[in-house]
Amino acid sequence: MKRIPILMFTLFAFALHAQQDSLDVARTDSIMRVVSTFKEIEIKAPRPIYSMDAGVVSYNVANDESIGGGNALDALRNAPSVEVDVDGNVKLRGSSKVQIWMNGYPTHMNGESLMVYLSSLSAEVIDHIEVIKNPSAEYMAADGTAIINIVMSVKLRRNRFLALGLSGNNRPYASPWASYVYDGDKLDFNIYLAPSISHQNSTREGDSWSFADNATGGMDTTQHQHWRTTSTSRDLYSILNMDLTYTINSMNDVSFNSFAIYQGFNTHSDDDRYRTEYLPSYLPLHYLTDKDDKSVNANGFSTLIYRHKFDRRGHNLSFTVNTNWMYTSFDAVTSRLFDAYCPNELKESSSQNRSLDPSFSLRYRKPIGEHDNLSVGIGFSPNSNLTRSHCLYFDSSSMTYSLSDSLRNRETATRGREEYASLNWSHRTSVFSTTLGVIAKAHQIDYSVESLFPEDMNLNYATLRPTLNITCHTKSMHYFSANYALSTTHPSPTQLSQSPAYQYDSYTVGNPLLEPYITHKADVGWNKYFASGSSLSVEAYGEWNNNTIESVLDATATPDPFLGRIVPFSTYYNIGSSHKYGLESNATYRVNAFLQFRLYANLYHSAYQIDHPKAGTYGDDAFTYDLRLNCSAKLFKKVYVNLSGNYTSPTISPFAERRSRYNVDLSASADFLDDRLSVRLSIKDLFNWNQTDLSNTNPYYITTETTHRDSRYITFGATFRIGKMDLRYHGQTGAGME
């Protein structure tokens, strides 16, 4: 097995030299004899499930049999350093500064949209997932963020391939899907379609206490609330993805990628709440809130790329047009019934949000000498976002919704543009790979609010972000890496706006005193990949911030002039200083072709210090660790069984704490009919442990809340494949590896 890397390098060397006119006949004959010897060897070693190159850690989903029949959510949870909670929020090493990309371009998805996308996308159509913790300048990502890039798979060449699937669970949830691939001499085409329908229940229960300073230097309780909220959601959504590449000739090609998602939500919730007002006067209240929501969310992106090659050594020019768009519509009818003191309320509310973010970029790449490459890019991105919120109370005299709620009627418009330029230099030898880059951005933003609190704002600022990635590897497949990035983040208009956005019982307002903050991110690591398919990695990392902007939940010190009582609100503060540094390890031990273990461990220390206008200097710190243990076994050479356990200790953020989370999942999958039919059955959260416990630790506003969801449930999946399967096997056995 140790001869394989040497032979592969020899073959690669042959491919390069074959393009040079000066290649002499004797050398050609010699190399051809080596190639002939190479072709006679049957390669059995599988491609490692995890690999790394130039600061990019790849999780090779197509080679992970434990994901068979699963979805992208299952795959993403297996990616190194990645955590996905029950709400679809993605974190990397405990940080939410993460962008989800698809085929090399950002999707701008988060929250519910991201959850829908991941749960509806079959792992069958994913080749690998790239985890980029410190993106180089070539990615032109947002400052201070990491990237998770989901790369779709086109497994066959010059062939047709069709996969049909069905996944679901007993919540209930059902999602049929289809994937079609056509690869010809000129045209490559791939389309994926997945409609879904689901049902979900959840329960939230919690308490909150508000406090205010008194004349004697102590604190008085101003309000206490206890609530229990149950909700039922019925959702319909669908996903469409299309990839097309047309090769004009050997030096020119055009590719088009498009992704769209449609979501329709119908949610009914009941909130039973006890609220006691202590200041300015004692008033106990009990009321029931009944709410019906209907919402539509449509979003997606498309990318058109034209590439021109000047030669076959990497000298090329590419022009890209990228478009992200989103439309959201929300309608709700809310009734609030009081036991006493207050009149009952009935209101109708609606909101719409539209955004369009096109971008145009030009990138030039040129090899310099034998080992160096230079990449220069420029780009321009205009953007616009419009949000309207409208609320009407029911008028009993006219029996219509005609009483305008001027406090909550609101329209915000954001228009701006971004110009950017990047310079990226890479030096690659047989042992070392070094990438040094810098990206410069200039931003212009116009922001306006039409409401009871009108506002106009104009922002102009520029940023500069240098990056450094170094990788070294040995012939025995040891990889050493070091990465560094420096970024500056400016506050957004929403974070600065003094115009409060009122909800039913609270509001959100910005902080005009916010300042930009600087982030230093660095890591060093060692990775070892074994010919058997096993691997081991250890990384030390750190993130240091000055003046980080964080959202903080607080309570008013005096009764709100519009609501007439003490209310909670959220705003933003600069955290004076914060840091996170830790150590993580990822190990895959392949005992044999039928048994494999994977362990992920992450231990980090985080701390912050904030100058709060009421609490004074306030800080906290904690050690947090994540553990994931996965055992995969093939029984009777047919059934693949996967058992995984996950544990995350309590985590902190400014004035907030999330308690520990843990769960155990069990799944089994098998292939039939010469791998044309795959079936999968799994039990999520085997012991029904999954719940979310959150606490707000602001000394002036303390909350505790527990959320229970449909935690334990059974999922199933089936995939049927039509087409030639030959190259699919090659990918799993390691043939054709780059």
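The backbone N or O of Thr624 lies less than 3.5 Å from no partner atom in the side chain of Ser649, so there is not a single donor-acceptor pair. Without hydrogens or angle criteria, Asp207 side chain to Thr704 main chain gives no donor-acceptor distance under 3.5 Å. Under the 3.5 Å distance criterion, the side-chain polar atoms of Arg659 are left unmatched by any main-chain donor or acceptor of Pro650. Side-chain atoms of Asp523 never come within 3.5 Å of backbone atoms of Ala482 as a donor-acceptor pair (strictly under, hydrogens ignored). For Ser585 (side chain) and Ser537 (main-chain N/O), a donor-acceptor pair under 3.5 Å exists by modelled atom type. When atom types are taken as modelled, the side chain of Tyr192 and the backbone of Asp243 share no donor-acceptor pair closer than 3.5 angstrom.
A search for salt bridge (Lys or Arg N to Asp or Glu O under 4.0 Å) contacts involving Glu130 returns nothing, not counting sequence neighbours. Checked against ring-ring contact (aromatic ring centres under 6.0 Å, His included), His473 has the following partners two or more places apart in sequence or in another chain: Tyr479. With sequence neighbours left out, the ring-ring contact (aromatic ring centres under 6.0 Å, His included) criterion links Phe687 to Trp689. With sequence neighbours left out, the ring-ring contact (aromatic ring centres under 6.0 Å, His included) criterion links Tyr59 to Tyr50.
Taking the six-membered ring for Trp and the full ring otherwise, the centers of Phe330 and Phe265 sit at least 6.0 Å from each other. Taking the centre of each ring, Trp209 and His224 come in below the 6.0 Å mark.
Two residues are said to be in side-chain contact when any heavy atoms from C-beta on lie closer than 4.5 Å; Leu595 and Cys631 meet this criterion.
Residue pairs satisfying the salt bridge (Lys or Arg N to Asp or Glu O under 4.0 Å) criterion with at least one member in residues 591-600, sequence neighbours excluded, are listed as follows: Asp64-Arg598. Sorted by first and then second residue, the salt bridge (Lys or Arg N to Asp or Glu O under 4.0 Å) pairs with a member in residues 682-695 read Asp74-Lys684; sequence neighbours excluded.
Judged purely by distance below 3.5 Å, without hydrogens or angles, the side chains of Trp227 and Gln225 never pair a donor atom with an acceptor atom.
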